[in-house]
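Structure record follows, encoded as structure tokens.
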Number of protein chains: 2
Amino acid sequence: MRANKIKRRAPVKLCDCGMAAATQILSDKWTLLIIREAFYGVVRFDDIRKDIGIPKAVLSNRLKKLVEQGILQKVTYQLEGERTRSGYVLTGKGRDLTLVFVAMMDWGNKHCLDGKSAVTILDKNDLQTLKLGLIGEKDFAQIRGLEDIHIRLKL
Amino acid sequence: MRANKIKRRAPVKLCDCGMAAATQILSDKWTLLIIREAFYGVVRFDDIRKDIGIPKAVLSNRLKKLVEQGILQKVTYQLEGERTRSGYVLTGKGRDLTLVFVAMMDWGNKHCLDGKSAVTILDKNDLQTLKLGLIGEKDFAQIRGLEDIHIRLKL
DNA sequence: TAACCTGAGTTTGACATGTGAACTCAGACT
DNA sequence: AGTCTGAGTTCACATGTCAAACTCAGGTTA
């Protein structure tokens with residue numbers, strides 16, 4: 001290995017590091033799976049529980065924390081012919097996790113799932129395939145906003 | 001909330017979901033912080049420990065798992081005038097976490113750190129500022145590879 | 001050569017958290 | 001009035017976390 005790249009200290013202190021701050025909120029066995037449910041539109045306590053197999057006590061605790069942190073909000077809604085219920089949906093702060101979500105999905109598909117991916121991300125308007133990447137200033141205008149994208153299942 | 005968006009089940013099973021697979025590997029209080037150290041070039045057991053404040057027993061355990069999973073590899077290296085030592089550096093699979101890293105950093109900076117960011121990501125060649133985003137097919141060629149980027153500290 | 005220092009762990013034992021099963025409680029249905 | 005369902009809470013036990021003490025190998029000092 002190239003010894004000149006070795007550092008004895010990280011150049012950014014934990015308290016100045018957005019990545020470190022984010023991990024403290026997101027890095028828990030269940031939290032990101034709960035947020036995944038929210039992205040897919042599953043809002044009910046028992047539905048989330050059945051989908052991901054989380055113990056009730058833990059789900060209750062995590063939902064509480066996610067609401068405190070402003071990532072989810074508790075809302076009241078009513079499905080056709082059903083009574084009103086409460087559910088948990090993403091706030092703006094929560095929806096802003098989209099790129100984290102996509103980045104993890106891409107990595108997981110490539111390295112844990114033999115490159116298979118279950119969804120494609122499309123431009124909502126022209127249905128063009130979208131890809132996550134780092135791009136230069138002159139192309140910033142080409143970046144799609146969260147309102148302009150659509151997640152489509154394959155097959 | 002728009003009731004038509006509510007689902008009773010996630011459309012992608014956990015076992016087919018790259019995101020879910022990724023969370024099972026990464027979602028632990030310390031794992032992503034250890035990977036952060038690796039990105040910054042901190043490779044030694046004790047240096048990592050001092051930087052992030054992780055207990056030795058836990059660090060030992062996590063490094064073992066990260067090596068098993070092929071995200072880090074244990075290497076032998078020698079600094080000028082020091083004896084040979086072993087350290088932990090990113091593999092290709094580990095470096096592929098760059099976009100996850102950047103996505104989490106962007107989110108954490110925006111939502112946990114008042115928009116302050118400690119680093120900028122530049123094109124290694126023309127020092128253009130780079131940004132993470134979803135872009136359309138005709139611009140795929142503008143996406144920078146991991147070899148072409150450079151993380152610069154602000155100030 | 002012996003004593004010491006440092007890095008990289010392992011062991012220990014108290015404490016915290018996670019877990020599944022059983023319990024609660026309120027609103028709607030019969 | 002009794003039952004069902006959704007959304008939790010409580011319990012008792014297994015697992016994980018933590019700080020401090022211990023180990024062990026190489027290199028340094030006396």
Side-chain angles (χ1 to χ4, degrees), chain A residues 1 3 6-10 14 20 23-34 37-38 41-69 72-89, chain B residues 1 3 6-10 14 20 23-34 37-38 41-69 72-89:
Chain A
M1 112 153 257
I6 290 175
K7 299 234 165 42
R8 303 297 311 272
R9 288 287 172 277
L14 284 190
T23 64
Q24 295 320 288
I25 293 175
L26 304 174
S27 280
D28 156 88
K29 190 175 169 192
W30 296 109
T31 301
L32 278 163
L33 290 181
I34 294 170
E37 294 295 300
V42 179
V43 306
R44 272 155 69 162
F45 189 93
D46 253 40
D47 289 348
I48 297 171
R49 195 180 61 75
K50 285 173 190 155
D51 255 1
I52 67 179
I54 184 176
K56 288 176 159 209
V58 180
L59 178 55
S60 174
N61 172 290
R62 294 300 183 278
L63 287 172
K64 208 168 290 170
K65 284 188 183 166
L66 285 167
V67 169
E68 276 169 19
Q69 279 151 348
L72 295 182
Q73 63 189 129
K74 197 168 182 173
V75 299
T76 301
Y77 70 95
Q78 186 159 24
L79 290 183
E80 290 270 330
E82 291 191 17
R83 60 158 148 140
T84 67
R85 296 170 189 283
S86 55
Y88 298 85
V89 301
Chain B
M1 113 150 255
I6 289 175
K7 299 234 167 45
R8 302 297 311 274
R9 288 287 172 277
L14 284 189
T23 64
Q24 296 319 288
I25 294 176
L26 305 173
S27 281
D28 156 271
K29 188 175 170 191
W30 297 110
T31 301
L32 278 162
L33 290 180
I34 294 170
E37 294 296 298
V42 179
V43 306
R44 272 156 68 162
F45 190 93
D46 253 40
D47 289 347
I48 298 172
R49 196 179 60 75
K50 285 174 191 153
D51 256 1
I52 66 178
I54 184 175
K56 288 176 157 206
V58 179
L59 178 55
S60 174
N61 171 289
R62 294 300 183 277
L63 287 173
K64 207 167 290 170
K65 285 187 184 168
L66 284 167
V67 169
E68 276 168 20
Q69 279 150 346
L72 295 182
Q73 64 191 127
K74 196 167 184 174
V75 299
T76 301
Y77 71 96
Q78 185 157 26
L79 289 183
E80 289 271 331
E82 291 191 17
R83 60 159 145 137
T84 66
R85 297 171 188 282
S86 55
Y88 298 85
V89 301

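Note on naming: letters A, B, ... go to the chains in the order of the sequence lines (proteins, then strands), and numbering restarts at 1 for each one.
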Residues in salt bridge (charged side-chain N to carboxylate O under 4.0 Å, His left out) with A:Arg62, at least two apart? A:Asp28
Please list, chain by chain and in numerical order, all residues satisfying salt bridge (charged side-chain N to carboxylate O under 4.0 Å, His left out) with B:Arg49, sequence neighbours excluded.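 Testing B:Arg49 for salt bridge (charged side-chain N to carboxylate O under 4.0 Å, His left out), a comparison that skips the adjacent residues, returns B:Asp46.
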What is the distance from CZ of A:Arg83 to C1' of C:dG27, rounded to the nearest Å? 5 Å
Using every non-hydrogen atom in the two residues, find where B:Gln24 and A:Lys29 come nearest and quote the distance to one decimal. NE2-O, 3.8 Å
Please give the angle, rounded to 10 degrees, between the axes at the start and the end of the helix from C:dT1-D:dA30 to C:dT30-D:dA1, where five pairs define each axis.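 Comparing the axis at each end, I get an angle of 10°.
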Is the shortest side-chain heavy-atom distance between [X] and [Y] below 4.5 Å?
X: A:Tyr77; Y: B:Ile6; value: yes
X: B:Glu37; Y: A:Lys7; value: no
X: B:Leu72; Y: B:Ile34; value: yes
X: B:Leu33; Y: A:Leu14; value: yes
X: B:Val89; Y: B:Gln73; value: yes
X: B:Ile48; Y: B:Ile52; value: yes

According to a strict under-4.0 Å criterion, is A:Trp30 in side-chain N/O contact with OP1 or OP2 of C:dT19?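 Yes, within the criterion.
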Using a heavy-atom cut-off of 4.0 Å across all strands, would you classify A:Arg49 as base, sugar-phosphate, or nothing? nothing
Closest-nucleotide mapping onto DNA chain C: is A:Lys29 or A:Arg8 further toward the 5' terminus? I mean the 5' end.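 On the 5' side of the pair lies A:Arg8.
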For DNA chain C, the residues among residues 50-67 of chain B that have a non-hydrogen atom under 4.0 Å from it: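 Heavy-atom contacts with DNA chain C come from B:Lys56, B:Ala57, B:Ser60, B:Lys64.
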Just jot down the side-chain contact (heavy atoms from CB on, under 4.5 Å) partners of A:Ser60, sequence neighbours excluded, or say none. A:Phe45, A:Lys64
Considering only heavy atoms of chain B and a distance under 4.0 Å, specify the first and last nucleotide of DNA chain D in 5' to 3' order that meet this criterion.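 Using the under 4.0 Å cut-off, the span is D:dT17 to D:dG27.
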